[in-house]
Structures are given as C-alpha cells and as structure tokens.
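In what follows, a structure is listed as structure tokens, so that the remarks can point back to it.
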Amino acid sequence: MKGSLAIVKQLGQVSLVSLLQQSSSESKAQAIQSLSPSSSSLSLDFDAIADDKDCILSQDFFCTPDYITPDGQYISNSLDCNKENIPCPKSPEKLQTVKSIRQRQELAKDTFETDEIKTEKTIGIEPQRNHSYVSHSVIALRSRVMPPPCIKNPYLNDASETDLDPFGYQRSKCAALPPAGILPTIIGGDGLSRYRTDFHEIEQIGNGNFSRVFKVLKRIDGCFYAVKQSTRLLHQDTERRKALMEVQALAALGSHENIVGYYSSWFENEKLFIQMELCDHSLSISRAYKSSLDGEMLEIMHQIAKALQFIHARGVAHLDVKPDNIYVKNGVYKLGDFGCATLTDRSLPIEEGDARYMPQEILNDKYDHLDKVDIFSLGAAIYELIRGSALPDSGPVSMNLREGKLPLLPGHSVQFQNLLKAMMDPDPVRRPSAKELVENLIFDTAQKTGKTQ
Ligand SMILES: Nc1ncnc2c1ncn2[C@@H]1O[C@H](COP(=O)(O)OP(=O)(O)OP(=O)(O)O)[C@@H](O)[C@H]1O
Ligand SMILES: [Mg+2]
C-alpha cells in the first residue's frame, strides 16, 4: 500500500475510489494521513468520497482522464458563480490500460440503465448533499439524459396539435404546464452556468421590481443582447410558471418592429433568464425624458399603438404599458416587459400592472375590455411624458385622470389633446381600439408636415 501511495503522490494523480475500495477503514485513514502533509494543495472531502463509493465519477461519462477534480475548482465555482474566466485545471497525463477503459464502459452502461428508471424522479429535485462533486455531476447529467417536458404555450391556439404531439405521454398529466416539481431548475447546480458560459456580462442597464437587466455580449456570435434575470429565487413551481408567462407571451407573439425582440430563455439556479434584443434605453421618467413636442409624442403613440394592434389581434393584452416599459432603439420605440401579459378572452389569470396607469374599471375588478386597458395606459404614459414628472399612485390628480378630466396641455394641438382624452375615457367602450388609433388621421397630418420624422 505504501508503494502505491508513493506512486500516487509522484504522479500527482489519484485513483482514490479503487484505493478506498480496497482498503479497510483503518488503512483508509492511514492512506489519507500519509497523503495530506506532502500534498497540501489537495484537500479532498474523503468522507464524501467514501460515502459515494457506489456513485460514478463524472469523468466516467465524459471520457476525460481519471483524476480527482482539484478542490479549488469546485469551491470557486460553487461559492462565487459570478466569477468569470476561471482557468480550467490541467488534467494530468493518464496512464490508460485496456482494462480500465473496459471497466469504465461497463460502469457507464450500468448507470445509464439505472438512469432510465430513476430520471423522472430526479428531474427538478435539488441534490440533497451539496458536499459531493460527484453527486452534482450525476444529477446534472441525469437531467440532460432525460430532457424536461415540453410546456404548452397558453398564448398559442392548439390547431396544430392533432398532427404533432410534442407533449407526448405527459399530456394527461399537464393540460397547460407540467406538474409540480418537474420544471427544470437545476441548470447551474453542477457549477456550469449557461449565462456565464454563453455570455460575457458588460453592465447592468435596468432594474425592475422583479428583475435586473444586463447588457451582455454573446460569446459565440459576438453580438450584444439584453438578458433579464429574476431577482427573487423562484422556489415553487407556481412561481416559475408565473414567471414563464412572460417568455411564453413573447415567444408566441413573434417578431414586430415595435416589440422588443425575444431570443431565448432558461432557468438557472432557480432564476429565470430571458435573452432579448438590446435597446438603447427606456422612456423612464427618471431619465427626465420630457418632451413638449407634439411630433415626438405622436411618434411614440403611433409606434406603440402599432405594437398594441399587433398583440390585440393575437388576443393578448399587455396590461403594463408605461414609460418604463417602452424602450428606444435607434429612434424606434418598442414595447417590452410582458410580465403582466394575458389573454383578452380572460382564459388566463389577470395580474394588472402599475396602478398609476390603470383605468378605473381595473381597480373595480372589471375585466371585460382588457385591450382597452392598454389604450388607457398608453394615454396615461403619454400624458406623464408631457407632464415631465411621475404620475401619483392616488390622490386628486390620478382620480381626475381616471374620470377623464385631463388638464389643458399648453403648446399641444387641440386635435392631439382630444385624442389623448378619448384614449383615457372612463368608459372603455368609447376608447379607440389600437387599430383605430393607428389609423387616426392625426398621424398622417403629422407625417405630411414632417413632425414625426
Ligand atoms: N431589452 C432591453 N434593452 C434595454 N433595456 C432594457 C431591456 N429590457 C429591460 N430594460 C431595462 O430594464 C428595466 C427593467 O426591465 P423590466 O421592466 O423588464 O423589469 P421588471 O422587473 O419586469 O419591471 P417592472 O418593475 O416594471 O415589473 C426597464 O425599465 C429598462 O430600463
Ligand atoms: Mg418593467
């Protein structure tokens, strides 16, 4: 045994599993003790390894050389997920024998056979023992061997489902979303972060009530994107389902010039990540975005009305139209933040957005004309931009607005003020639809006189 330990130390590589399997518990302790003093860089969790002697080493799956992952690598990944460019430890040269290859192949075969039976139970379940690198890898691998179920998008109608059945055997279990515990949450649990692997973070560009938004560079295509991350940990499936509604709405709607572009999304460490088109900034009132020009306000109104016409035609209401959620990119205005989006037929839960921009009927829980809620909110957003200061939550100003009493706006045409008044009419039926708004002659006139250029 002494001889083999000497070889181990000399080669700088350890095959501890076989070592521990062969040794009695007493000789394990001796072996460990004799290793420790001269190899201080190796501080392995031997108890964990001994506990896991029937587990499989990650390298057995990935066909990498047999070596114990240096302790430092695991610790740095698990303690500070934000660190980038952590250098990969060099794998020591491997002494390969035909026997060791065959043993490994058999071991892997056994594991995959076991996985077929056990995967359904392990998906979506956090590993119980965080101290073992081996257990993390096995669990992460299992979730990849058996991909998570497809999720039915509630914003799409089901016409195509008869021919194609992407939900397969899970249909009976999930009418709309998979059952509790099954949504994937453990990406990143093995120390591999999709966010860190695929993107280089440049800077934070936004802050919402529920999320932070970062400007990132995608490593593989060299393009900039915005990635929105939820700030709260989404522990429960119900929370994850709710968060998912935003990406499902974006994905179902498809692309439109006046809607922020959607690329992809994933869960990582119990947070939802959404990769989107990067815009220059939002119209947030905190940026002192004040304009007294009819032309500019008309341009914003016209472009966002087009976005609303597009989503309303697809049966979707945004329910959180406000300056914070209108972004600008190269002079083009885009509607973003679909976190409150719902179906106008009220077949999905309704969560109203920022109360400052909500009409009275929503505060009275009347949801008959959800598309017209967006028209009111757009009117309120435009009014706020003209006013140049944030609308109050409550009080006489907000009450007057909800009653359709819009103060006079000096410097703005009567035609424009009347349109704004109509958009904020207390009766949703009398508000123009998005289509009527887009087709309003005021935009033609503005274009002809060059005001919207
Ligand atoms: N694609 C983007 N490009 C540029 N900036 C963005 C983008 N998406 C979001 N932002 C910025 O990040 C801020 C917060 O984003 P977002 O509104 O989506 O988060 P939220 O937590 O859902 O917000 P809320 O508090 O309104 O619910 C936005 O107001 C905007 O300034
Ligand atoms: Mg927002």
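Counting starts at 1 for both ligands and their atoms, following the listed order. Worth saying up front: this structure is predicted, and the values here are computed from it rather than measured. Just so you know, residue 1 is the first one in the sequence shown, and it goes up from there. Computed over heavy atoms, backbone and side chain alike; hydrogens, waters and symmetry mates excluded.
- Only side-chain heavy atoms of Lys228 come within less than 4.0 Å of ligand 1; its backbone N, CA, C and O stay farther off.
- Counting heavy atoms of neighbouring residues, nucleotides and ligands inside a 6.0 Å radius, atom NZ of Lys218 exceeds 12 of them.
- Remark: minimum distance from atom 29 (O) of ligand 1 to any protein heavy atom is reached at Asp324 O, 2.9 Å.
- Among Cys279, Gly339, Gly206, Ser211, the residue whose heavy atom lies closest to atom 4 (C) of ligand 1 is Cys279.
- Of the heavy atoms in Val260, only side-chain atoms (C-beta onward) come closer than 4.0 Å to ligand 1.
- Residue Lys215 places no heavy atom under 4.0 Å from ligand 1.
- Annotation: atom 24 (P) of ligand 1 to nearest protein heavy atom, Asp337 OD2, 3.5 Å.
- Between His318 and Phe338, the angle of the ring planes goes over 60°, which puts this pair in the perpendicular group of the 30/60° scheme.
- Applying the 4.0 Å criterion to heavy atoms of Ile205 picks out, from ligand 1, the atoms 4 (C), 5 (N).
- None of Asn258, Val316, Leu378, Asp371 except one satisfies the side chain to side chain contact (heavy atoms under 4.5 Å, CB included) rule with Leu308; the exception is Leu378.
- Not one N or O of Asp280 is nearer than 3.5 Å to an N or O of ligand 1, by distance alone.
- At least one N or O atom of Asn325 sits closer than 3.5 Å to an N or O atom of ligand 1.
- Below 3.5 Å of separation, one finds an N or O of Phe210 facing an N or O of ligand 1.
- When each atom of ligand 1 is checked for a heavy atom of Met276 under 4.0 Å away, the hits are 1 (N), 8 (N).
- Between Phe199 and Tyr225, the angle of the ring planes goes over 60°, which puts this pair in the perpendicular group of the 30/60° scheme.
- The side chain to side chain contact (heavy atoms under 4.5 Å, CB included) test with Met301 singles out one residue from Val438, Leu420, Ile442, and that residue is Leu420.
- One finds the CG atom of Leu335 at 6.5 Å from the CD1 atom of Ile326 (value rounded to the nearest 0.5 Å).
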